[in-house]
Amino acid sequence: MEEQILNSVIQAVKSLYGADVDKSALSLGKTKKEFTGDLTLVVFPLLKVSRQKPEDTAEAIGAYLKQNCPQVADYNVIKGFLNLSLAQACWVDTLNAIDADSNFGFKPVTESSPLYMVEYSSPNTNKPLHLGHLRNNLLGFSLSKILEANGYKVVKTNIVNDRGIHICKSMIAWLKHGNGATPESTGIKGDHLVGDYYVAFDKDYKAQIKELMEKGLSEDEAKAQAPIIKEAQEMLRKWEAGDAEVRALWQKMNNWVYAGFDETYKRMGVGFDKIYYESDTYLVGKKKVEEGLEKGIFYRRPDGSVWADLTKDGLDEKLLLRSDGTSVYMTQDIGTATLRFSDYNIDKMIYVVGNEQNYHFQVLSLLLDKLGFSFGKDLVHFSYGMVELPEGKMKSREGTVVDSDDLMDEMVTTATQISKELGKLDGLTEKEIADTCEIIGMGALKYFLLKVDPRKNMVFNPKESIDFNGNTGPFIQYTYARIKSVLRKAEESGVVISDLQADLQLSDKEAGLVQTLAAFPAVVAQAGVEYSPSQIANYIYDLVKQYNQFYHDFQILKEENEALRSFRLVLSRNVAKVISRGMSLLGIQVPEKM
RNA sequence: GGUUCCGUAGCUCAGCUGGAUAGAGCAACAGCCUUCUAAGCUGUGGGUCUCGGGUUCGAAUCCCGACGGGAUCACCA
């Protein structure tokens, strides 16, 4: 629609002023609501070729379009702005096309589609997931859906940090204090149980540090010499050496954690196509680094440690292998990348990782490039901001970490409370009520985290909790349920939807809704280019807001003009369709009733 | 200090590939349910878009500088 009008404008300029203008030089946008019209052309850029005053230029182009472009029914000029009113038939045609398109807004994935791998989640196995992980998981999942909707093959992947000193700490504490406790014996979810021992370790460690400092050691000395940290380090050495007992305990406790994570992931509605474990990839990374060393890309210091010199690239020197030969985070990421690119034919690798690791990925990109991986320099670090509390960062020491399982529980409980108060779900079965409240509570949480620009830090206030009114998930879900209710009633009462008539007289609100619906594909495309779920969220909110105004101002089923009633039903049906498709890109479900 | 991201209403956020009088939600106040779901709709108040320069017919948006805040620059991950 806009394309056609742009072409007509180009024609107009050619015919009126004999000049060729490029489409990109034209600015055609939605007309602001305080002016009449649907689309607005800004004519200032055309003054160079028209050599006339803005008003005259706009007037001339407007007259030409009205004359020669069937879509343009009328126009008005205000200063340098040419407001175009489109023919009613345009809206009907557009709505018909949307209605007929069962895959509206999405591009199909084909055999020849590029393959995008999206890494997200990437938990440590020593503690349960918190609010920050929640943002990560929802962003990663949503991004994957958006990329799929843009016609890319997507492989969702997770790298589990299952080895290292952190898990050894939990293991040591469990051996000391656990008395053989298991998730079964305690009834505690596996990831939480292991997390409890991680906390217990820290408590012991702190106590020992304090004791040593009282004996006159410096803080650094105390930290290094505390017996419990030495035990953990010793355990890590045994793990690396393949000690059977340590490995068995490690396996056991990690499995508890995985069972817990699986439950959490399932509830969040996220999943993975391929999971990598650091314990499998770190050796590959080590090998790659050694190869790089032989090729002279890296160098070894006298103490045996291996480094990359990135000072020529404007960065610092980076450690790749410790002097004792063990690997660091970067080494593992090199290994993981190596494995992934041998497993899949990856065209684009996207890492969903917090912005605190910007430097890490800058370095990773350079190192992969130096090692000869063609994908190195164009890997994408999807860098998102932190979730903070009103008083600042979450701190485990101060017990302010918001646990994701607890938060999901709270959201669903709140949804249940509100539903009961409003009596919205009376008459449904217990199961239906529970399912609906799950959808609403999770919808509120997900929308809250996804509606803000991923790059920005965001604030979560636990006291005020998450709203269910206004710009929220439930508001959108509610609108959907309302539409479904109308559509159900239409069906029950045998209302027939006739073919839409081209000469319908539509209100501004109706035409505006069609215009907004028609923008959905462009929004999906833009969200794909910019890797931005928030653009989808903001679009849906805008659509829903408009629809609610329409719903308030107009009758649908009670409209006596049959042609108009049909139009409104088809309009409503497609608003529901776009809400549902848009929300699916955010990983949010919509309820039939609420 | 180097690098980097950010600064819009009391609060949480849109808008940022330059376009008309900067928008929502929350909170406050005032209205709207005998009519398709009031988790809704309507209205009121609330702003030197951190500040200062520059580019432009036009700047919240682009450039430079200052100020303020976050992140990072580990033989942690």
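Convention: sequence-line order gives letters A, B, ...; per-chain numbering from 1. Just so it is clear, the values below take in all heavy atoms, side chains as well, and ignore hydrogens, waters and symmetry mates.
- Ring-to-base geometry places Phe81(A) in a stacked arrangement with A20(B) (centre distance under 5.5 Å, plane angle under 30°).
- One finds a salt bridge joining Arg237(A) and Glu234(A) here, because a Lys/Arg side-chain nitrogen approaches an Asp/Glu carboxylate oxygen to under 4.0 Å.
- Scored by the side-chain hydrogen bond (donor to acceptor under 3.5 Å, both in side chains) test, Asn355(A) finds no partners at all (sequence neighbours excluded).
- Within residues 41-56 of chain A, the residues that have a heavy atom under 4.0 Å from RNA chain B are, in order of number, Val42(A), Phe44(A), Pro45(A).
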Any N/O pairs under 3.5 Å between the protein and nucleotides 13-15 of chain B? List them or say none.
from: C13(B); atom 1: OP1; to: Val459(A); atom 2: N; distance (Å): 2.7
from: A14(B); atom 1: OP1; to: Asp453(A); atom 2: N; distance (Å): 2.5
from: A14(B); atom 1: OP2; to: Lys456(A); atom 2: NZ; distance (Å): 3.1

Show every donor-acceptor pair shorter than 3.5 Å between a side-chain atom in residues 164-172 of chain A and any protein atom, with sequence neighbours excluded, or say none if there are none.
from: His166(A); atom 1: NE2; to: Arg163(A); atom 2: O; distance (Å): 3.2
from: Ser170(A); atom 1: OG; to: Val194(A); atom 2: O; distance (Å): 3.4

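- Contact annotation for Thr40(A): base contact, defined as any heavy-atom pair under 4.0 Å involving a base atom.
- Within 4.0 Å (heavy atoms only), Ala481(A) reaches at least one base atom of the nucleic acid.
- Remark: Arg51(A) pairs with no residue by the side-chain hydrogen bond (donor to acceptor under 3.5 Å, both in side chains) rule, at least two apart or across chains.
- Not counting sequence neighbours, Thr472(A) has no partner by the side-chain hydrogen bond (donor to acceptor under 3.5 Å, both in side chains) test.
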With a 3.5 Å cut-off and sequence neighbours excluded, list the donor-acceptor pairs that the side chains of residues 535-543 of chain A form with protein atoms.
from: Gln535(A); atom 1: NE2; to: Glu530(A); atom 2: OE1; distance (Å): 2.6
from: Asn538(A); atom 1: ND2; to: Ser534(A); atom 2: O; distance (Å): 3.0
from: Tyr539(A); atom 1: OH; to: Thr516(A); atom 2: O; distance (Å): 2.7

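- Looking at residues 412-419 of chain A, you'll see Ile418(A), Ser419(A) sit with a heavy atom under 4.0 Å from some atom of RNA chain B.
- Ion pair Lys223(A)/Glu219(A) flagged as a salt bridge, since at least one NZ, NE, NH1 or NH2 atom sits closer than 4.0 Å to an Asp/Glu carboxylate oxygen.
- Counting any heavy atom pair closer than 4.0 Å across all strands shown, Gln362(A) reaches no nucleic acid atom.
- Salt bridge present: Glu3(A) and Lys23(A) bring a charged side-chain N and a carboxylate O closer than 4.0 Å.
- A donor-acceptor contact shorter than 3.5 Å links the side chain of Arg568(A) to the backbone of Gln555(A).
- Between Arg322(A) and A74(B), a side-chain N or O to OP1/OP2 separation shorter than 4.0 Å is absent.
- For RNA chain B, each stem of at least three Watson-Crick or G-U pairs (distances under 3.5 Å) is given as range with range: B:1-7 with B:67-73, B:10-13 with B:23-26, B:28-32 with B:40-44, B:50-54 with B:62-66.
- Base orientation at C73(B) is anti, since its O4'-C1' glycosidic dihedral falls outside 90° of 0.
- In this structure, Tyr551(A) forms no aromatic stack with the base of G40(B), since the conditions of centre separation below 5.5 Å and plane angle below 30° are not both met.
- Lys393(A) comes within contact range of the sugar-phosphate backbone alone, with a heavy-atom separation under 4.0 Å but no base atom that close.
- Between Tyr351(A) and Phe361(A), the angle of the ring planes lies from 30° to 60°, which puts this pair in the tilted group.
- The ring pair (Phe, Tyr, Trp, His ring centres under 6.0 Å) test applied to Tyr329(A) returns His360(A), not counting sequence neighbours.
- Judged as a side chain to side chain contact (heavy atoms under 4.5 Å, CB included), and not counting sequence neighbours, the contacts of Gln515(A) are Lys30(A), Asp38(A), Leu39(A), Trp91(A).
- Applying the side-chain hydrogen bond (donor to acceptor under 3.5 Å, both in side chains) rule to Thr326(A) yields the partners Arg322(A), Asp324(A); only residues at least two apart in sequence or on another chain are considered.
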